[in-house]
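Working notes for the structure below.
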Amino acid sequence: MHPPFPQPTVVRADHDDPDRPLVVLLHGRGSDETGIIGLSQHLPADHSYVAVRAPIPAGGGFAWFANRGIGRPVPESLDQTMAWFRDWLDPLAPVGRPVMLVGFSGGAAFAGGLLLADPSRFAGAAILYGTLPFEAGVPTPPGRLAGAPVFLAHGEADTVIPADLLHRTWDYLVGDSGADTYARKDPGGHAITSEAAAELADWIMKRS
């Protein structure tokens, strides 16, 4: 569907220490890696952090997949970008090195897609103010994420992500998925709050 993508553009919070768990930060649609890397300043210092630029130009920034509407990836596009991401990740973090995904908005859908496609590959995923990629070619049956650590944060006044997708994501992750989900709702809208960042830091630390 897409022409071949170049190697990812990445920014690191510090030098990458291969002996540390790796946290990969995934930005929202229309943004890039330079914004979300700042989240690492609020997260545990004994991890390595890298933010990756999505491969598809979109809205003055970049996107993780072509979509059929907000939060609804085109399956072929999502499959292609996930394969591109795994090709980059695997040499950096071979099996045995813990990898956590932290995705915001469109990056949350991408993180969710990666986790659903291969639950055993990741040490956990944070789905921040976004939806899982339902009906996008990744499996979402009951029990798919059995025991997988998931951090879920939603804004009660979020007007960016469709409400039906937020509700469906919440219900699946705290219910049928079987994930070990820590879930919180903020009174605000479509933004990472300081309270959510603090709880995310605690969640990451407890799973290291």
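Both backbone and side-chain heavy atoms feed into the values below; hydrogens, waters and symmetry mates do not.
- Considering CG of D186 and CD of E156, their distance stands at 8.0 Å, rounded to 0.5 Å.
- Donor-acceptor pairing under 3.5 Å is recorded for the side chains of D118 and S120.
- Side-chain contact between L145 and D180: absent, with no pair of heavy atoms (C-beta onward) separated by less than 4.5 Å.
- Side-chain contact between E33 and T9: present, with at least one pair of heavy atoms (C-beta onward) separated by less than 4.5 Å.
- With respect to the salt-bridge test (charged N to carboxylate O, under 4.0 angstrom), the residues D164 and R72 qualify.
- The backbone N or O of P73 sits less than 3.5 Å from a side-chain atom of R68, completing a donor-acceptor pair.
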Could you go step by step and tell me if V50 and L25 meet the side-chain contact (heavy atoms from CB on, under 4.5 Å) rule?
CA-CA 6 Å; V50 59; L25 305 172; over 6 Å; no
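- Panel note: side chain R29, backbone F65; a donor-acceptor pair is recorded below 3.5 Å.
- What you find for A45 and R20 is that their closest heavy atoms are O-NH1, 3.3 Å.
- Residues I36 and V11 are members of one and the same hydrophobic cluster, defined by side-chain heavy-atom contacts under 4.5 angstrom among Ile, Leu, Val, Met, Phe, Trp and Tyr.
- Between L22 atom CG and D17 atom CG the span is 10.5 Å, to the nearest 0.5 Å.
- Without hydrogens or angle criteria, S40 side chain to I37 main chain gives a donor-acceptor distance under 3.5 Å.
- In terms of hydrophobic clustering, with Ile, Leu, Val, Met, Phe, Trp and Tyr side chains grouped at heavy-atom distances under 4.5 Å, L116 and V24 are assigned to a common cluster.
- S48 is not listed as a side-chain neighbour of D14, based on a closest heavy-atom distance of 4.5 Å or more.
- Considering CZ of F110 and CG of L26, their distance stands at 6.5 Å, rounded to 0.5 Å.
- Panel note: side chain Q80, backbone H2; a donor-acceptor pair is recorded below 3.5 Å.
- Without hydrogens or angle criteria, S177 side chain to A179 main chain gives a donor-acceptor distance under 3.5 Å.
- One finds the OG1 atom of T140 at 9.5 Å from the CZ atom of R144 (value rounded to the nearest 0.5 Å).
- Taking the six-membered ring for Trp and the full ring otherwise, H190 and F104 have centroids separated by under 6.0 Å.
- Contact between A117 and M82 at its shortest, heavy atoms only, is CB-CE, 4.2 Å.
- Partner of W203 under the side-chain contact (heavy atoms from CB on, under 4.5 Å) criterion, out of E199, M205, R207: R207 alone.
- Neither L92 nor V23 shares a network with the other; the hydrophobic side chains, linked directly or stepwise wherever heavy atoms of I, L, V, M, F, W or Y lie under 4.5 Å apart, form separate groups for each.
- Counting all heavy atoms, side chain and backbone alike, A183 lies closest to V174 at CB-CG1, 3.8 Å.
- For the pair R12 and Y49, the cation-pi criterion (under 6.0 Å, within 45° of the ring axis) is not fulfilled.
- The backbone N or O of G28 lies less than 3.5 Å from no partner atom in the side chain of S105, so there is not a single donor-acceptor pair.
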One pair to check against side-chain contact (heavy atoms from CB on, under 4.5 Å): L114 and F122. What are the steps and the verdict?
CA-CA 9 Å; L114 290 164; F122 301 100; 4.0 Å; yes
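- In terms of modelled atom types and a separation under 3.5 Å, the side chain of W170 and the main chain of K185 share no donor-acceptor contact.
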side-chain contact (heavy atoms from CB on, under 4.5 Å) for D90 and F85? Distances and angles first, verdict last.
CA-CA 9 Å; D90 288 347; F85 178 87; over 6 Å; no
Can Y129 and I192 be said to form a side-chain contact (heavy atoms from CB on, under 4.5 Å), step by step?
CA-CA 8 Å; Y129 310 91; I192 301 172; 3.9 Å; yes
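- The distance from the CG atom of L115 to the CD1 atom of I127 is 7.0 Å, given to the nearest 0.5 Å.
- In terms of modelled atom types and a separation under 3.5 Å, the side chain of H42 and the main chain of A201 share no donor-acceptor contact.
- The shortest heavy-atom contact between R97 and P18 is NE-O, 3.5 Å.
- Shortest non-hydrogen contact noted between P44 and I204 is CG-CG2, 4.0 Å.
- Note: F5 and W84 have perpendicular aromatic rings, judged against thresholds of 30 and 60 degrees for the angle between ring planes.
- The two atoms that bring H27 and V52 nearest to each other are CD2-O, 3.3 Å, heavy atoms only.
- Considering CD1 of I161 and OG1 of T131, their distance stands at 7.0 Å, rounded to 0.5 Å.
- In this structure, F151 is not a member of the same hydrophobic cluster as V99, with clusters built from ILVMFWY side-chain heavy atoms closer than 4.5 Å.
- Between R184 and T193 there is a side-chain heavy-atom pair separated by less than 4.5 Å.
- There is a path of hydrophobic side-chain contacts, each under 4.5 Å, that joins L132 to L101.
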